[in-house]
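Positions are given from 1, in the same order as the sequence printed here.
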Amino acid sequence: MTATNKLVSGTSMHVLNVGQKIPHHCGRVCVVEVFSLNAQVQSRPDLLLLLSLLAAILLTPVLNQDNWRRLVLVAVTFIPIVLSTVRLSQIKRWVWPSVLLALGNAVFVVAGNTFPSPTLTGVRWAFLAAFFGLTAAGLFSYLRNSRSVAQAELYTAVNIYLLLGLLWAAIYLAIDAFSPGSIQVGNRSADRQTELLYFSLITLSTVGYGDIVPLSGMARILTALEGVTGVLYIATTVAVLVGRFRSESWE
């Protein structure tokens, strides 16, 4: 018996990989229920990652206040990092680079809190940006190669979009650490994680209220690239999902 589900025709029962025997009178209903249960189990890591990303985004303005709450925010941010690594472990060639980037980020978080330095802070955000970028690329590779459209694929599509927002937020924070004053909020420099996360999300969605302004050439180019990425991602993802759904319906 193989590891995949088998439907044995011409006999009085269906044989499943779990060793469970289903009477013939159960018919297609039982098989559909088993496949539905498998789909729910497969979508669980993507759902947990989605919830952790939303929690990290929503709790940033609450916890980004003083030193103790910022330490809690670091812990909250670390949860989607762990879940992303677990999710990428299912895509084997992506797991080790993600582990190295996550470890590098953790090392510079500790170093930056022990020896406060703009350089260490900038390197920390650069590692985190690389991690989010790698995770988004790995999940998009999974989404593009998926042969079906189920809950897991929909969760993955939303996760990639949020990861792109976090990716550019980390890039802006790295730029602000290496070159203070590159991005301004009103008449003062953006020195808070909340403000640059907000700036990243409204830029990705091409809302652009104009209350936060990139001043340096590098910041302006990256802001423009993020807006283009947001538009292209939505167009590409919709095309992939619709095409996969039509192919699945045709089959």
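- Counting only heavy atoms from C-beta outward, the side chains of Trp125 and Ile175 never approach each other to under 4.5 Å.
- Put simply, CG on Leu167 and CG on Leu204 are 9.5 Å apart, with the number rounded to the nearest 0.5 Å.
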Working note: Thr119 + Phe178, criterion side-chain contact (heavy atoms from CB on, under 4.5 Å); need CA distance, chi angles, decisive distance, verdict. CA-CA 6 Å; Thr119 301; Phe178 288 125; 4.3 Å; yes

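- Under the 3.5 Å distance criterion, the side-chain polar atoms of Ser141 are left unmatched by any main-chain donor or acceptor of Ala137.
- The shortest side-chain heavy-atom distance between Phe108 and Thr121 does not fall under the 4.5 Å cut-off.
- In this structure a side-chain-to-backbone donor-acceptor pair under 3.5 Å is missing from Trp168 to Leu196.
- Inter-residue side-chain proximity for Tyr198 and Tyr209 is flagged as met; some heavy-atom pair is nearer than 4.5 Å.
- To the nearest 0.5 Å, atom OG of residue Ser98 and atom CG of residue Leu134 are 6.0 Å apart.
- Cluster annotation: Val99 and Phe127 are assigned to distinct hydrophobic clusters (Ile/Leu/Val/Met/Phe/Trp/Tyr, side-chain heavy-atom contacts under 4.5 Å, transitive).
- Donor-acceptor pairing under 3.5 Å is recorded for the side chains of Arg70 and Asn64.
- Between the side chain of Ser205 and the backbone N or O of Ile202 there is at least one donor-acceptor pair closer than 3.5 Å.
- Summarising the geometry of Tyr172 relative to Thr223, their closest heavy-atom pair is OH-CA, 3.3 Å, with the distance given to 0.1 Å.
- Cluster membership for Val242 and Val231, using ILVMFWY side-chain heavy atoms within less than 4.5 angstrom, is not shared.
- By the rule that hydrophobic residues join a cluster once side-chain heavy atoms approach within less than 4.5 Å of another member, Leu139 and Val238 end up as members of one cluster.
- In this structure, CD1 on Ile79 lies 11.0 Å from CG on Leu51, to the nearest 0.5 angstrom.
- Note: Leu143 CG to Thr156 OG1 = 6.5 Å, rounded to the nearest 0.5 Å.
- Note on Leu166: it does not cluster hydrophobically with Val76, by side-chain heavy-atom contacts below 4.5 Å among ILVMFWY residues.
- The backbone N or O of Gly165 sits less than 3.5 Å from a side-chain atom of Ser200, completing a donor-acceptor pair.
- Side-chain N or O atoms of Asn159 include one that pairs as donor or acceptor with a backbone N or O of Leu50 at under 3.5 Å.
- Taken to the nearest 0.5 Å, the OG1 atom of Thr203 stands 8.0 Å off from the CD1 atom of Ile212.
- Between the side chains of Tyr142 and Asp46, not a single donor N or O lies within less than 3.5 Å of an accepting N or O.
- Going from atom CZ of Phe132 over to atom CD1 of Ile160 covers 14.0 Å, rounded to the nearest 0.5 Å.
- Each of Val213 and Phe199 belongs to its own hydrophobic cluster when Ile, Leu, Val, Met, Phe, Trp and Tyr are linked at side-chain heavy-atom distances under 4.5 angstrom.
- Across Ile171 and Ala129, no two heavy atoms sit closer than the pair CG1-CB, 3.8 Å.
- The main-chain N or O of Ala157 is found under 3.5 Å from a side-chain atom of Tyr233 such that the two form a donor-acceptor pair.
- For the side-chain contact (heavy atoms from CB on, under 4.5 Å) test with Thr194, the passing option among Ile57, Val62, Thr60 is Thr60; the others fail.
- Formation of a donor-acceptor pair under 3.5 Å by the Ser179 side chain with backbone atoms of Ser182 is not found in this model.
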